[in-house]
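What follows is a set of notes on a single structure, which appears directly below.
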Amino acid sequence: MNKNKIVRAFSPNRSLNITFLFTKQKQTKKKKKRIFIDYFFFFFFFFFRKRNRMAICKILFFLLALCVWCGKCEVFYKRVGDEVSMKCGVDSNSDIDWKFNGESIFSITGKSGTRRKGSSHIAEKASTPGDILKVPRLETRDSGNYFCKQSGKHHTVRVVSAFVKPGPVLLQSSNAELHCDITGDPNTEVQWQRPPNGEEYKEKKQVIHLKSVTSEEAGQWTCLVEKKLKLIVTLTVVGLQTTAVNASKGDNIELPCSLPQSVSQRVVGGRWKADHLPKVSFPNLTNTAGEGLHWHGNDLSKVNFTTGQLSTNFDVTLKKVQSSDDGTFVCTVEFDGGVSLSVETTLRVVDKPSGVKGSNNRKGKPPAVMESLTKEVYGLKLWIWIAVGASSVALIVLIVVIGVVQRRNKRMKKRVRTLRSMRQPLTDKDYCQCDRAEKEVEFGEQARPLPVPRQHRNPRTRTAGPNHTN
């Protein structure tokens, strides 16, 4: 028989004496609710007495413990796309009603197992094995309060999403925002860890602002939510790239200027510039709704450029360079938000070696062919597509050759097996003649007559024996 345990709580002035009775036996739903109500009134009694502040703290602690003991304050932190499972805590044969933010999800009749969908959008993807509610492929709109009517359990789901604004690939010196948004709970603090060694970031807000990002901020940023959930966002910082150019007099050379990859910011303009060549007309970058990002210029006498749509390559071609063209060229690209990047490249022009003949193009190709190969198609240069096509054809030819060789080998093996099957098997034969006389005697056959000596032979006859007479 279980023994009862009695706990007495006294007021500081000992004017109130309240006794609570707990049993080790399993409490019914009504008894649990009654205990909760008793604690509620006990809390309010001390709350309205100004001299009992310590008692209020104790009662708040008891209420928190009671809430956890009843299992009614469970909070789930989940990523976007994760699955959450919530338990109602009733028998499998009991009726179950699940609600999301007051809207019905499912109403299940325990005896018959009949399930009726509610008006909440959760009902379209949720499932209910037993008394468990499973919600897969969580979205930010799935954050909220889930309530099981029969047990009175409340489950709070917080869907967390981590991302970078304006995007994961940023330009040097641009501004960025790192988000670790907890839907429905914007005030909860999170812990950020910065690259490269996971050092704790000083700010613990869900949104942190980075000013004038550099390569030091590039890498993986980690967001820790309540030490239960870890989310990672990757920040990439890029800049314009170029190389120095050496050319001979009379060559056509390319001035390189490009981004290593597409960035989140939109390119709105740009230009090439050379202070030592004030009379040379360079094209301008323009981004329009109809033609997209492209070069705009009319004077092609000295500078040639791609007329197609651009993406990350902003090269131009300088025609028939001379010693006066030697110097520094500046490539500038402008982006949304007022961000501008510039990069310098140096051109060094030398005399062409004597006896060297060929075209004026530094790479040995006519300008028209060079322009065609550098034209961008679907975001890639034409020569890349040609290389991919040639590689694909070579791979197909190799596969066909391998198939023909394998088929020929199978045919030869089949022919060898056929020839082997046509051979007659060898049988044992008695080639030894040593015991022939014994075998003939054994089978009753006469022995062969002995040969006649040479002096008794008749030259006129071919056969003679010991009984022969003239």
Side-chain angles (χ1 to χ4, degrees), residues 163-179 194-195 207-219 221 233-245 253-300 302-318 325-347 374-376 379-381:
F163 54 92
V164 183
K165 281 187 176 181
V169 182
L170 299 172
L171 297 167
Q172 289 179 353
S173 303
S174 62
N175 300 331
E177 292 181 358
L178 299 183
H179 287 251
R194 60 171 301 160
V207 181
I208 58 176
H209 300 270
L210 302 178
K211 302 292 185 181
S212 299
V213 295
T214 62
S215 57
E216 294 181 357
E217 281 85 19
W221 288 74
V233 291
T234 302
L235 184 63
T236 304
V237 180
V238 300
L240 289 175
Q241 295 180 342
T242 189
T243 56
V245 179
I253 58 94
E254 277 189 357
L255 298 176
C257 178
S258 62
L259 290 169
Q261 62 187 97
S262 298
V263 295
S264 306
Q265 291 93 331
R266 176 175 172 267
V267 179
V268 296
R271 70 194 65 83
W272 275 93
K273 183 180 178 181
D275 293 336
H276 63 286
L277 300 175
K279 296 182 180 181
V280 176
S281 177
F282 288 93
N284 294 322
L285 270 177
T286 306
N287 199 339
T288 60
E291 299 181 7
L293 183 63
H294 63 283
W295 287 115
H296 177 71
N298 298 322
D299 188 1
L300 301 178
K302 184 63 176 178
V303 179
N304 195 12
F305 51 87
T306 301
T307 58
Q309 188 171 351
L310 304 175
S311 176
T312 58
N313 186 12
F314 312 110
D315 299 349
V316 294
T317 301
L318 202 61
D325 299 329
D326 196 299
T328 301
F329 295 78
V330 181
C331 172
T332 302
V333 181
E334 299 171 352
F335 301 85
D336 275 336
V339 179
S340 176
L341 292 181
S342 297
V343 65
E344 293 183 356
T345 182
T346 303
L347 172 62
T374 57
K375 185 177 180 180
E376 292 197 1
L380 293 176
K381 290 185 177 181

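When reading the values below, keep in mind they use all heavy atoms of this one structure, side chains included, and skip hydrogens, waters and symmetry mates. Just so you know, these numbers come straight off a predicted model, no measurement behind them.
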Can you tell me how far the [atom1] atom of [X] sits from the [atom2] atom of [Y], to the nearest 0.5 Å?
X: L171; Y: S340; atom1: CG; atom2: OG; result: 9.5 Å
X: H294; Y: L310; atom1: NE2; atom2: CG; result: 8.5 Å
X: D315; Y: F305; atom1: CG; atom2: CZ; result: 13.5 Å
X: T307; Y: E291; atom1: OG1; atom2: CD; result: 10.0 Å
X: F335; Y: L341; atom1: CZ; atom2: CG; result: 5.0 Å
X: L277; Y: F282; atom1: CG; atom2: CZ; result: 6.0 Å

Not counting sequence neighbours, which residues clear ring-ring contact (aromatic ring centres under 6.0 Å, His included) with H209? List them please.
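ring-ring contact (aromatic ring centres under 6.0 Å, His included) list for H209, sorted by chain: empty.
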pair [X]-[Y]: side-chain heavy atoms closer than 4.5 Å:
X: V343; Y: V330; answer: no
X: C257; Y: L240; answer: yes
X: D325; Y: K302; answer: yes
X: W295; Y: L285; answer: yes
X: L259; Y: V333; answer: no
X: L318; Y: V303; answer: yes
X: S262; Y: T312; answer: yes
X: T242; Y: C331; answer: no

Starting from the C-alpha separation in whole Å, work towards a yes-or-no answer on side chain to side chain contact (heavy atoms under 4.5 Å, CB included) for L347 and D326.
CA-CA 5 Å; L347 172 62; D326 196 299; 5.6 Å; no
Assess whether side chain to side chain contact (heavy atoms under 4.5 Å, CB included) is satisfied between V237 and E216, documenting all intermediate values.
CA-CA 9 Å; V237 180; E216 294 181 357; over 6 Å; no
Checking the side chain of T345 only, and the main-chain atoms of T243 only, is there a donor and an acceptor separated by less than 3.5 Å?
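Yes.
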Working for side chain to side chain contact (heavy atoms under 4.5 Å, CB included), residues V213 and N175
CA-CA 6 Å; V213 295; N175 300 331; over 6 Å; no
For P256 against V245, the heavy-atom pair lying closest together
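Shortest heavy-atom separation between P256 and V245 comes out as CD-CG2, 3.7 Å.
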Could you report the tightest heavy-atom contact between E217 and P195, atom names first, then the distance?
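Smallest interatomic distance, heavy atoms only, reads O-CG, 3.8 Å.
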Between F163 and H179, how do the two ring planes meet: parallel, tilted or perpendicular, split at 30° and 60°?
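Ring orientation, 0 to 90° scale: parallel.
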When V164 is tested against each of L178, L210, T236 for side-chain contact (heavy atoms from CB on, under 4.5 Å), which residue passes?
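Single pass found, and it is L178.
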Considering only residues two or more places apart or on different chains, which pairs with a residue in residues 263-287 satisfy side-chain hydrogen bond (donor to acceptor under 3.5 Å, both in side chains)?
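Of all non-adjacent pairs touching residues 263-287, those that pass side-chain hydrogen bond (donor to acceptor under 3.5 Å, both in side chains) are S174-Q265, R271-E334.
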Test side chain to side chain donor-acceptor pair (under 3.5 Å) applied to S342 - qualifying residues, sequence neighbours left out
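S342 satisfies side chain to side chain donor-acceptor pair (under 3.5 Å) with T332 once adjacent residues are dropped.
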Is the number of heavy atoms from other residues, nucleotides or ligands under 6.0 Å of Q261 CD greater than 12?
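Atom CD in Q261 is packed in, count exceeds 12.
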